[in-house]
**Student:** 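I have a structure I would like to understand better, so I am pasting it below and will then ask my questions one at a time.
Lettering of chains follows the sequences in order, A, B, ..., and the numbering in each one begins at 1.
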Amino acid sequence: MVSRCTSDKNQPVSIFLKGENELKQPLVWSSLGWITGSLLCHWGWKSVSLYAGLAVGISVLGAWFFYQYRKGLLVTLFLVGLSVGAARYAYAEVNNHSAIAAVVGSNGETAAVITGEIVSRPQVDGDRLLFDIKVRQLADGRIRWRIPEEEIKVTVRLQNETEWLNAHQFQRYWKIETLVVLERPSPARNPGAFDYRAYLYRQQIHWLAKGESLDRVKILSADRDHLFVWMDRLREELGSQIERIYSPAYAGLIRGMLLGERERVDAEMEAAYSTLGIVHLLSISGLHVGVLVACLYFLLKQTGLTREKAALLVILALPFYVILTGAEAPVIRAAIMAGLSLLAVLFGRWKELLSFMALSLLIQLAWNPYQIFEPGFQLTFLVTGALIIGVEPIARQLPFPWHRLNQGIAVALVAQVVSFPVLIYHFYEFSFLSWFANLLFVPVISSLVIPVSTAALLLGFVHETAGRWLAGFSSLLLDLVHKGTDLLLEWSWAHVTWVPPTLLWVLLYSLAAIYLWISWAGNLIFPGRHRMLSGLCFICLVAVAHQAHLWGKDEARIAFLDVGQGDCTVIETPEGKVILVDGGGTPFFPRKPWQIRRDPFEVGKRIVVPYLKYRGIRQIDELVITHGDTDHIGGLLAVAERFPVRRVIRNPHPPGSQTEKRLLQTLAKKGTRIYTLSPGVSWEVEPGIKWKFFHPDPSRLIGTNEKSNNDSVVFLLSVFQMRIMMTGDMEREAESKVLSEWALPTVDLLKVAHHGSRTSTQAKWLQVLKPRQAIISVGRENRYGHPAPEVLQRLQAIGAAVLRTDRHGAVTVKIRPEGIRTETMLQP
Amino acid sequence: MVEPVGPNNLMEKRRSFLDNLSVFWYPNIQTCVPVFVFLAEQMWNNPRKRRISQRRSVLHIVDWWSVLFPPDHRCWLCDSAPVPAGFWVSVREKVCAACREQLTPIVSAGCRVCGRSADGNSTGICPDCARVNPSERICNRSAVVYSDGAKQIIQLFKYRGKESLSSPLGVWMAEVAASHFGKQISLVTFVPLHPERLSERGFNQAELLANVIGKRLRLPVCSLLTRSRATLPQSTRTRQDRLVAMQNVFQLSEQVNPKRIENKRILIVDDVYTTGATLRECAKSLRQAGASHVCSVTFAR
């Protein structure tokens, strides 16, 4: 034993001494520094030369210090990482501006002819062709401008089926010229909504281009041979092979799982997976790469190759796999880590997964420093890092006799704890059953479905029937998984929405989680007290996040959401009651099969439900359906499916449209009571908040079943002395009737009826109400010409401040006993 | 000049992926793999290449792999085999399998006084301890059995001056002390060396261990005792000689305020427990000075 103390003479000399001066994981420290530097630069001063100078200075100083005292290397590495990271971020920020803006101005819509090269895989989605283009030239009127390569996103509307067919021929690296309308991407128009402008800014894209028809697209050169083009074709070929061997129900899902074509996955299924917190199974994640690399490696070894040769072959295959599956951040991360692990096999060295991960983080952030803000990127690195360092120590603390089971539980626990803050910060949703769903489905999908369906896909090329048979087997497994997810989804109490936490909370949570981990899995001598304390801290923080929607709720909040052309108002009381008035809706146009998009824009799913989640709302106490027009109820189906609704108040007309029938059926099935009220009914929702209904009178309806605008539910809400008039789509007749029957008080806030149509909001109505503020919920460039200029004039004459959702985005009114405060999302 | 091509022309050009590439790819895919494997094999096994790689270029002076991806911790005894790293790994597991084979950790104490390893039939008090006057007994616990392996480690540490071993040994002993004595201890001290021996050896191994233990258990470490006369190393004597030779060797150090140890529970640290004479003598003088409870921990027993 002692004789082995002598060091191996053949070993190369290490520049770093062992013992006290041992260098521990330099890459991990510099990558931590890099992350810190990027964030510092994001919130601080953006100057490349400052940070670059700092980097040089710190490295010289650190090297000198190490030479003198033989220590401080890790701190130096951290600081060098920090300054280089900050410099890289600053460089990206400084260069991230639009050259096109210099030509066409920074706002507004401009028609222009652009010439450039397609740089993404063109996708046809219903009646649209989508691709990114690198613009080289831009013709604005007569002048041609040379653009220094700026990427923009292009959407070409397809006018007929021939165009649709032709659109499928488009390929990467075609050079095209086309007339488009340029516009800036929209920022978030509702609180908590997805900020498309910021998202594209992080991809260095500043403009959207809309083409009217494929006829306008002139192809300058096509069919360029390029690795990416080949991979696109291969992917298409593999995709159609999947379509051949799988039933249509599963083909899309399998394409998403194996080829990374997330756009093929059924939107409903995606939402279900997302609710359960297993959406990572649908896209290609690091897990897939790991599983496939392991399978391939062992297969190659089985064929008689040596370990080294098998590793070399797999390493060479990795880049192709990454390109084939669309090179998302998690795949790149996993591929780099797998590649390094295989290199370790090749060189006969050891694996150091945490450093491998740090290296891939450095490479990916050096490539695009903005990725640090993408949830996918954050999740993949956080979860992987936590799994590497956390699973083994926790698994050995667990009591079960079977080590594999302990490991599985530890993986689920660690992944949940780490992904929780990221998920609620970005998606406002985290299910208490998520750990269970992961524990149940991840092993099935990763160890059975993916290998089997990959085998089925490859076998299908050799022998189609055999491939189908295998595909049938994996479909069966997926069937089982879906039975399971359906069962879990029914427990809606567990799928909780969360208010996005503050950064302070995230910081405290991370500290508590680390403390918890150290006290339970660390090698402490007297852990007892720490275990209790850390557990308590952790539970408290989770409880704080869980109850966050009640913190600081001494105000009522009324949000007039920007749902395009339509109405949707969310009223939250100080005690946490929620009143939803209408739910927006997109008008339904009959579409031919080829025109149907995979995930057509639906107000409820895209705007109303995300807003409710963002506010941490878990149930709707009162749902007021003013009347049955699509632009008022279209989005409510998604709400009814996602949230429990306690009571519905609507006008007495029987449901007129299919949409309304389906909505009421869904509500009734969930046990919601549906009421109609007679005028004059009034009650206190909670102390300080009252509402009174004026219209319609069930015995004397004005409207008809088809045109029920005049029978909209009209009510006056008083919140601490502030009065708000909600009008639905009531028109002149209804206004006159209410005026003649009731002595109305003046109001502070008026929701202008019928999106500001000229048939409503007559002068005498305004003279009685005398609103100080008027809110018009109206779509941009709507086809009806709402709001009518006359209405705007009348409002101006009465001295009301007009807020419009088409110009201001969502309007949020916060009411406290002391006063009223109005916030808008956009500054027009 | 590139000719504009309308999409309709392209429809005719459209061929399926297979039509397009089957001639080119498919016959070759089967042949590609063996050819490629053959080439890789050539590269791999090329003797000329081997020679080159063995020559030391500038890049080979530094072992980049171990710099960028530092290996796991080495076994702290033999420094060769990698062992699991991380602060959550108990120090007992940071010993490689080969070394662990040579050490026998004492899992349960066979004798509740001296803490010797249980050897099946013995329960309660071992015969050696039974011979000792109950008032002089000292409760001792040790980490491992004093086997050949343990002897080698102690020699390496004590006589060949590998001071760095104090850290793992001390942590291990701290774990043992914590699991047996829990929070009863309020002060840590160690068996002193005679100043002559100290200058000869350069360090007091027991003091080094006590420092590590004190740090780990968050307890104060005090040098309480002095050795009044130089004795020959215990290892050169017989059992009876040892017991006699030790009598009244230790006194309370003059610098120590006796009030510091009054009613204190003191842990004495030493490297090896053989007969226990040394520790008993230490305990005796501490008890005389007023310590309420004295126990001891050693690495080997």
**Student:** Compute both the distance and the angle, then confirm whether A:K351 meets the cation-pi test with B:F69: under 6.0 Å from the six-membered ring centre, within 45 degrees of the axis.
**Tutor:**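 No cation-pi geometry.
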**Student:** Please flag which part of A:L343 lies under 4.5 Å from any non-hydrogen atom of chain B: side chain, backbone, both or neither.
**Tutor:**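 Both backbone and side chain.
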**Student:** OG1 of B:T298 to CG of B:D271: how many Å apart, nearest 0.5 Å?
**Tutor:** 8.0 Å
**Student:** Sort A:A358 into side chain, backbone, both or neither according to what part of it lies under 4.5 angstrom from a heavy atom of chain B.
**Tutor:** neither
**Student:** Is chain B contacted by the side chain of A:I176, its backbone, both, or neither, given a heavy-atom distance below 4.5 Å?
**Tutor:** neither
**Student:** So, does A:T115 use its side chain to make a donor-acceptor pair with the main chain of A:E177 at under 3.5 Å?
**Tutor:**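 Checking the backbone N and O of A:E177 against the side chain of A:T115, no donor-acceptor pair under 3.5 Å is found.
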**Student:** Fit a plane to each ring of A:W174 and A:F170, take the angle between them on a 0 to 90° scale, and name the class: parallel (under 30°), tilted (30 to 60°) or perpendicular (over 60°).
**Tutor:** tilted
